[in-house]
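Structure first, commentary second.
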Amino acid sequence: MRRNARRLKLMLLTSLFLCGSVQCAFAGADGGSQSSATGAGKAEHTVYANLGFSLMTSKFYIPYGSEGHPKRGFDWQVGYEWVSKKGIGVGLLYSGYASSYFYYYDSNILLTYVAPQFVLKQHIGRWTIEEKLGLGYFRYNESIDIDEASLSGLGYNFLFGAEYRFSKSWGIGANIGYIGSSLPEQESVELDESEHSGIGRMHFDVGVRFHF
């Protein structure tokens with residue numbers, strides 16, 4: 001848990017530093033004017049949906065002789081956020097991950113993460129840069145034809161993304177981020193002193209945004 005706390009503190013400081021750097025670099029680019037096409041200078045609501053690829057960065061134990069790549073999978077995100085005219089806001093993220101492997105039976109893996117988000121945005125012409133941090137609920141589920149098992153615990157995330165606004169209400173965007181977790185320890189797995197029970201993964205997603 002101490003390791004998770006240090007990670008969260010580092011992610012927050014990094015996001016705030018990047019936010020300040022981007023704002024300083026572009027503050028004078030257009031004489032302080034804001035384009036209504038980007039939503040800059042006013043509060044707005046956004047809903048979004050993304051699809052992409054995800055890669056587990058943590059160890060993942062499967063039976064010897066198994067076939068498949070459970071550490072590489074399909075990723076999706078759905079969310080809502082409200083951002084003030086100053087570029088600071090809050091939101092809610094639902095993220096899912098699915099993969100599988102074969103060992104006598106097909107084993108299907110599903111990761112679920114739901115968390116409130118702290119959101120920062122900077123507008124640069126028709127482009128928007130965003131940073132997000134979150135802390136919430138994480139669930140691991142593995143199922144085969146005859147059985148199913150799951151674990152739940154604390155999850156956290158950080159995300160960096162960019163959006164191109166092609167109209168007042170619609171935009172397309174991409175993001176890269178990390179979702180980690182702390183899960184109950186399993187008796188069948190021995191951990192070193194420096195390790196903890198949990199799953200972490202990087203994700204790369206693209207999708208659409210609707211602003212109102």
Side-chain angles (χ1 to χ4, degrees), residues 5 7-54 74-97 111-138 154-180 201-212:
R7 284 183 179 177
L8 286 171
K9 184 178 180 179
L10 178 59
M11 289 186 293
L12 178 59
L13 291 174
T14 301
S15 293
L16 292 175
F17 172 76
L18 288 174
C19 173
S21 298
V22 171
Q23 287 178 327
C24 289
F26 294 96
D30 59 355
S33 63
Q34 299 286 357
S35 171
S36 60
T38 65
K42 66 175 184 178
E44 68 176 0
H45 304 266
T46 303
V47 292
Y48 58 89
N50 299 317
L51 297 174
F53 171 79
S54 188
F74 177 64
D75 186 85
W76 63 93
Q77 302 168 344
V78 179
Y80 161 82
E81 58 200 25
W82 172 87
V83 177
S84 72
K85 62 182 180 180
K86 293 184 178 181
I88 302 173
V90 294
L92 182 67
L93 169 67
Y94 163 74
S95 176
Y97 168 92
L111 304 181
T112 301
Y113 175 66
V114 180
Q117 301 289 294
F118 172 66
V119 183
L120 297 174
K121 288 190 176 184
Q122 304 85 46
H123 300 284
I124 310 163
R126 286 185 173 270
W127 288 93
T128 300
I129 308 300
E130 64 180 9
E131 303 86 28
K132 298 179 185 179
L133 291 170
L135 186 69
Y137 170 78
F138 186 96
L154 180 68
Y156 56 91
N157 75 287
F158 68 88
L159 176 155
F160 301 98
E163 175 192 356
Y164 179 77
R165 187 82 68 92
F166 55 83
S167 74
K168 181 179 179 180
S169 298
W170 292 96
I172 55 175
N175 66 65
I176 178 173
Y178 179 83
I179 297 175
R201 61 185 177 90
M202 295 289 297
H203 62 80
F204 312 87
D205 295 89
V206 296
V208 296
R209 290 98 170 91
F210 176 70
H211 307 275
F212 58 97

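By convention here, the first residue in the shown sequence is residue 1. All values reported here derive from a predicted model rather than from experimental measurement. Excluded from the calculations below are hydrogen atoms, water molecules and symmetry mates; all remaining heavy atoms, backbone and side chain alike, are included.
- Defined by atom type and a distance below 3.5 Å, a donor-acceptor pair is missing between the side-chain atoms of Thr46 and Arg209.
- Between Glu131 and Lys121 there is no salt bridge, since none of the side-chain N atoms of the basic residue sits less than 4.0 Å from a carboxylate O of the acidic one.
- Counting only heavy atoms from C-beta outward, the side chains of Val83 and Ile88 never approach each other to under 4.5 Å.
- For the residue pair Arg201/Ser95, the side-chain donor-acceptor check at 3.5 Å is satisfied.
- One finds no salt bridge joining Glu44 and Lys42 here, because no Lys/Arg side-chain nitrogen approaches an Asp/Glu carboxylate oxygen to under 4.0 Å.
- Side chains of His211 and Glu163: a donor-acceptor N/O pair is present below 3.5 angstrom, by distance only.
- In this structure the side chain of Asp75 never reaches within 4.5 angstrom of the side chain of Phe53, judged on heavy atoms.
- Nearest approach of Pro116 to Leu135, heavy atoms of both residues: CD-O, 3.4 Å.
- Using a 4.5 Å heavy-atom threshold, the side chains of Phe160 and Ile129 count as separate.
- A pairwise comparison of heavy atoms in Tyr113 and Gly155 identifies CE1-C, 3.5 Å as the closest pair.
- Looking at Leu92 and Val114, their side chains come closer than 4.5 Å, going by heavy atoms from C-beta outward.
- Counting only N and O atoms by type, the side chains of Asn157 and Tyr178 include no donor and acceptor under 3.5 Å apart.
- Taking the side chain as every heavy atom from C-beta outward, Val119 and Val90 never approach each other to under 4.5 Å.
- When side chains are defined from C-beta on, Gln117 does not count as touching Leu133, because their heavy atoms never get closer than 4.5 Å.
- Judged by the 6.0 Å distance and 45° axis criteria, Lys132 is positioned over the aromatic ring of Tyr48.
- Take Phe74 and apply the ring-ring contact (aromatic ring centres under 6.0 Å, His included) test, not counting sequence neighbours, and it matches Trp76.
- Between the side chains of Asn175 and Glu130, no donor-acceptor pair is found at a separation under 3.5 Å.
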Would Phe138 and Ile179 count as a side-chain contact (heavy atoms from CB on, under 4.5 Å) if you check the C-alpha gap in whole Å, the side-chain angles of each, and the deciding distance to 0.1 Å? CA-CA 9 Å; Phe138 186 96; Ile179 297 175; 4.1 Å; yes
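- Rounding to the nearest 0.5 Å gives a distance of 4.0 Å between CZ of Phe204 and CD1 of Ile176.
- Side-chain polar atoms of His45 and Tyr80 form a donor-acceptor pair below 3.5 angstrom.
- Two residues are said to be in side-chain contact when any heavy atoms from C-beta on lie closer than 4.5 Å; Gln77 and Leu159 meet this criterion.
- Among Phe212, Tyr164, Phe210, the one residue that satisfies the ring pair (Phe, Tyr, Trp, His ring centres under 6.0 Å) test with Trp170 is Phe210.
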